[in-house]
Every structure is written in structure tokens, then in C-alpha cells.
Number of protein chains: 2
Amino acid sequence: MVSANGHHGDQRDGSRGAKLAAMPPRAPRLSASARRASIIDAGRFVFARRGYEATSVEEIAERAKVSKPVIYEHFGGKEGLYAVVVDREMDYVVRRISEAIAQGGPRERLEQGALAFLTYVKDHPDGFAILAHDAPAAGGGMLSLLSDLGVRVSEVFTASFKAAGYDARAAPIYGHALVGMVTFVGQWWTTARKPPIEEVATHIAALAWMGLRRLPKRPTSIGKRAG
Amino acid sequence: MVSANGHHGDQRDGSRGAKLAAMPPRAPRLSASARRASIIDAGRFVFARRGYEATSVEEIAERAKVSKPVIYEHFGGKEGLYAVVVDREMDYVVRRISEAIAQGGPRERLEQGALAFLTYVKDHPDGFAILAHDAPAAGGGMLSLLSDLGVRVSEVFTASFKAAGYDARAAPIYGHALVGMVTFVGQWWTTARKPPIEEVATHIAALAWMGLRRLPKRPTSIGKRAG
DNA sequence: CCTGAAACCTACTCGTCCGTAGGTAGAAGG
DNA sequence: CCTTCTACCTACGGACGAGTAGGTTTCAGG
């Protein structure tokens, strides 16, 4: 049963210029790269709201105003599109933060870095949601894509710790702590939207800075209670 | 076409005592509550690895050594089981942390709280994974179930801030920052497993304590650079 | 006007998975 | 031995979603 009924394709209306059905004018064709971009936008939108598993390619297609095969043509499949979306976002945040901490004293860099991240959270909430969500193959190990960011920050910290004479083995703790702080507060901020991000960044930077600055060479436990 | 072939059910082997096929002995029947418990265990296991969307009820059934309808009998469905699993875990962590911070001075409570959480991460990695993952209806607002914990900690902080004369509006920032720190570091620890949790807790508590203790009444930004 | 390639479509196939219908097996009490 | 209640099962219905086959429309360049 191949091609059972004869009217394949989209004839739109009966004859070329007829406006009988008042059908909305078909959107103009896009170039490959333009269509790619529009699909990425739609994908980011849907992935951010539904999460990877729960999004259907069809919903993305619908939002991008194309049919499914177009997506498969451009990205090979759901996972391919997801990979591109994630990569773009990751690249964007890292670039922004890198710019922010390129110069200045330690504390200034800390505050500017936090502010850069929170600005991203504010201006690109969908991207942030995707990065904060689980990766597709959750079993692998990463809870969120942002773990990667934690590693990068930890590397920076390791260098600084060594230079300052602290125990370098503790650096990843502080690196991940910082990223976790900013991420979680950023997440909260998206719902609260209360103090402006500049203020939030200042608080976070103060917390982290004071905590780091006053750190003893080897932190000592306060000791466990009797109970 | 109802009951097409006559051999419904499980006859096991031909006659009662025959051991011809060497079939493994059927597991004994369990009471309703015991079966419930075993299903909850299986559910936690699978949900933790696959995430909510990607887990199939059948995989849970298989792991619990029962057939699907048993799960539907006990929990009404996938979402019902998930709700029970999450509720149990949430209850467990909150209880542990509450016990840990029930007495002692501020800093001691801080360190004991962090240690309690990290102990949970270490001893109940599956539960932690579930709490750190997305909720089913991701669109609602919560990134992770732990946001709820952030709110609770924020409430504690708000009270303390008021008492100490700090700006109470900033309390949620510090509350969420603390939870984010511990969560993210805990996540990292599950893969690194390097410094013992007691040491990690000490570091985190030191960071948070020093940061909080030396906090000015109103943190001032370091100011933006010229660039 | 013609041609060919690029963009785009409809209409499937195939697999998976939630949830259920309707039955069997075993234990406790008469 | 018979009844009955509870635990448990096999087998399906129905929906949905990833990915594909094979066609049609538009447009640039001759």
C-alpha cells in the first residue's frame, strides 16, 4: 500500500491565487543556516521546559514551524539537536565568565564572575535551565552540565591555593562550593526575582571572599559534641 | 477474543512435585507492607539511575521480582510510587539534619548540619540522586527537590539575621547559597570520594562561617572596573 | 521557459510504555 | 475437604514518540 491516495504534498488551495479559505500566508523559505538557528531556538525553548526525556521532536518542530524530517535532516535526531543546544549555551556562559574575570584583583574577579553568571541566569533563563538539568545519559555520572564548570573553577582555585600556601587538595571543595552557591542562588532568584542581581552578586562574593580570606591554613573541626 | 488459549496463570511445572525443569523455587509470598517496602526499594534504585521520565514501571517490577499490576495495586501508578519514594527520602534527610542542628552554638550547628547532609550523600547515594534530580512536572518551577530544603534553611537564617541586626532580605541568599554549596560539593564527592566527609564538612563549615561572621551590615560592592 | 538542487512536506513503520481486564495460586478458617 | 480472601500473574489496549520513505514545492541559474 504505497501512496494510496493521490494527493500528496501541500496544494494549499485549489488554484494559485485563490484566497477562498483565508489560509495564513506560508512563511518564506529559509536558508539552511537560518533554519538551523530557528530550530535551535525552538529546541532550547522546549528542552528547558520539559527536560530532555520528556520533550518530543514533534513539539520542537511545531514550535519551529517545520515538520519533523527537517530536524532530522539538520541535526540527525533528538540527541544531536540537544548536543548542539547544550554546546552553544556552555560556550556562551564560559565565554562570558572568562571575560568577566580576565583582569582585576582576586576579589574583584570573584564578584565580576558571580555577576556574569547571574546575568546569564537573568537574561538566558532557558539556557540556564538546560545546563542545570540532567544530561540525557544520567547514569554516566554528571548530575548537571554545570559540574563541568565546577571542575574548571576548581582548577583556577588549585593554582591560587598552591601559590598562597594552602592545601591544594582542598581546592576542588571550594571550587565546587562556589559554583554550587551561585547556581543554587541563581535558581532561587529566577522565582524570587527580588533583590537585583548586582546586589545578589555582591552578597555571594562577600560570603565567598570573607570565607576564603580568613581561612586558616588547615581548617580545624570544632569537634563533635558528646551526644 | 477473551482468554484465547486455555493455559492462563503459572503452572510452574507439569505436576505438583516434579523437579524436571529445575526451575528456581518461587520466592515466598510477602505481606502487603513487606511487598510495598521491596517495591519502594526497587523504585528508588531505578529512579536514581534513570531519572523519572526514563524509568519504566516494568523495570521496577522486574527488579522487585513482581509483575506490573502489583505496583499499580499498591501505588496507583508510576507517579504515585515516585511521590512515595521522594517523600520518604525528603523526610529522612530533614530529620537527620534537624537532629544534627538541634543543639550547640551557631558554628557547631553549621558544621554538624553540613556533616549530616554529607553523611546522607555518602550512605544513601540513590536517595540523594533522586532529590537532586528534576521533579516530574519540571515546568512548575522547582529545579530540584532540594530547593525546598533551601527554603527551610533560609527561614532559619532569616530569624538569625533579624536577631543579629542584619538585613533580613538577604537571608534567603545565604540560605540557598549554603544548600547549594553542600549539594554541589556532595555531588562532586560521590565521584571523587577523596577527602573523608568529615574533612569536607569542616572545610565547608569554615567557608560559610567565616563568610557569615565577618559580614558587614550591608555588603558593599567592590565597584565595577573601567572596562 | 527549463532544469536541477535545496527546502520542505505527508504518511507511514516500529518500538516502547502506561495502565487494565480478567484470571490463577496459596493460605487461613470452617 | 471446601470456601474465601489476598497476593499475584499473563496478556492485552491504546497512546505516543523516534525515525524514515518517498513525494512535492520553490527558486536560482542558464
Side-chain angles (χ1 to χ4, degrees), chain A residues 1-17 23 25-39 42-43 46-47 50-62 64-82 136, chain B residues 1-17 23 25-39 42-43 46-47 50-62 64-82 136:
Chain A
M1 199 201 289
V2 179
S3 184
N5 61 356
H7 77 294
H8 262 258
D10 180 6
Q11 271 171 255
R12 298 281 295 159
D13 27 9
S15 62
R16 221 39 178 35
M23 220 175 261
R26 168 189 300 234
R29 282 191 171 196
L30 266 54
S31 72
S33 66
R35 185 55 84 193
R36 256 180 92 89
S38 84
I39 291 174
V46 180
F47 280 134
R50 305 246 186 279
Y52 177 79
E53 300 287 352
T55 70
S56 73
V57 175
E58 222 161 275
E59 185 172 355
I60 296 173
E62 191 176 329
K65 305 256 189 57
V66 286
S67 61
K68 261 197 303 177
V70 177
I71 292 179
Y72 285 87
E73 188 69 29
H74 281 298
F75 300 97
K78 186 181 177 180
E79 196 151 3
L81 173 57
Y82 181 78
Chain B
M1 202 202 290
V2 181
S3 183
N5 60 356
H7 77 294
H8 262 259
D10 181 6
Q11 270 170 258
R12 301 281 295 157
D13 27 7
S15 62
R16 219 41 175 33
M23 219 176 260
R26 168 190 299 236
R29 284 191 170 196
L30 267 54
S31 72
S33 66
R35 188 53 84 192
R36 255 180 92 90
S38 84
I39 291 174
V46 180
F47 280 135
R50 305 247 185 279
Y52 177 78
E53 301 287 351
T55 74
S56 73
V57 175
E58 224 162 271
E59 186 172 355
I60 296 173
E62 191 177 329
K65 306 258 189 54
V66 287
S67 60
K68 261 195 306 174
V70 178
I71 293 179
Y72 284 88
E73 188 69 30
H74 281 298
F75 300 97
K78 185 180 179 181
E79 196 151 2
L81 173 58
Y82 182 79

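Residue numbers begin at 1 in each chain, while the letters A, B, ... track the order of the sequences.
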Send over the distance from [X] [atom1] to [N] [atom2], rounded to a whole Å.
X	N	atom1	atom2	result
B:F75	C:dG19	CZ	C1'	16 Å
A:E73	D:dG22	CD	C1'	13 Å
A:H74	C:dA6	NE2	P	12 Å
A:I71	D:dG17	CD1	C1'	13 Å
A:E62	C:dC8	CD	P	17 Å
B:I39	D:dC8	CD1	C1'	11 Å
B:L30	C:dG26	CG	P	15 Å
B:R50	C:dC18	CZ	P	12 Å

Residues B:R36 and B:H74: closest non-hydrogen pair is NH1-O, 3.3 Å
In Å, rounded to the nearest 0.5 Å, how long is the span from [atom1] of [X] to [atom2] of [Y]?
X	Y	atom1	atom2	result
A:I39	A:K65	CD1	NZ	13.0 Å
A:R29	A:R35	CZ	CZ	10.0 Å
A:I60	A:Y82	CD1	OH	11.0 Å

Identify whether NZ of Lys or CZ of Arg in B:K78 sits under 6.0 Å from the centre of the six-membered ring of B:Y72 and within 45° of that ring's axis.
no
Is A:R35 near enough to C:dC8 that one of its side-chain N or O atoms lies under 4.0 angstrom from OP1 or OP2?
yes
Collect all protein-nucleotide pairs involving nucleotides 18-20 of chain D in which both atoms are nitrogen or oxygen and the distance is under 3.5 Å.
residue, atom, partner, partner atom, Å
D:dA18, OP1, A:T55, O, 3.1
D:dA18, OP1, A:V57, N, 3.3
D:dA18, OP1, A:K78, NZ, 3.4
D:dA18, OP2, A:V57, N, 2.9
D:dA18, N7, A:K68, NZ, 3.4
D:dG19, OP2, A:Y72, OH, 3.2
D:dG19, OP2, A:K78, N, 3.3
D:dG19, N7, A:K68, NZ, 3.0
D:dG19, O6, A:K68, NZ, 2.4

Note, A:Y52 side chain near A:E79 side chain (heavy atom, < 4.5 Å)
yes
Pairwise 5' ranking along DNA chain C for B:A54 and B:R29, keeping only the more 5' one:
B:A54
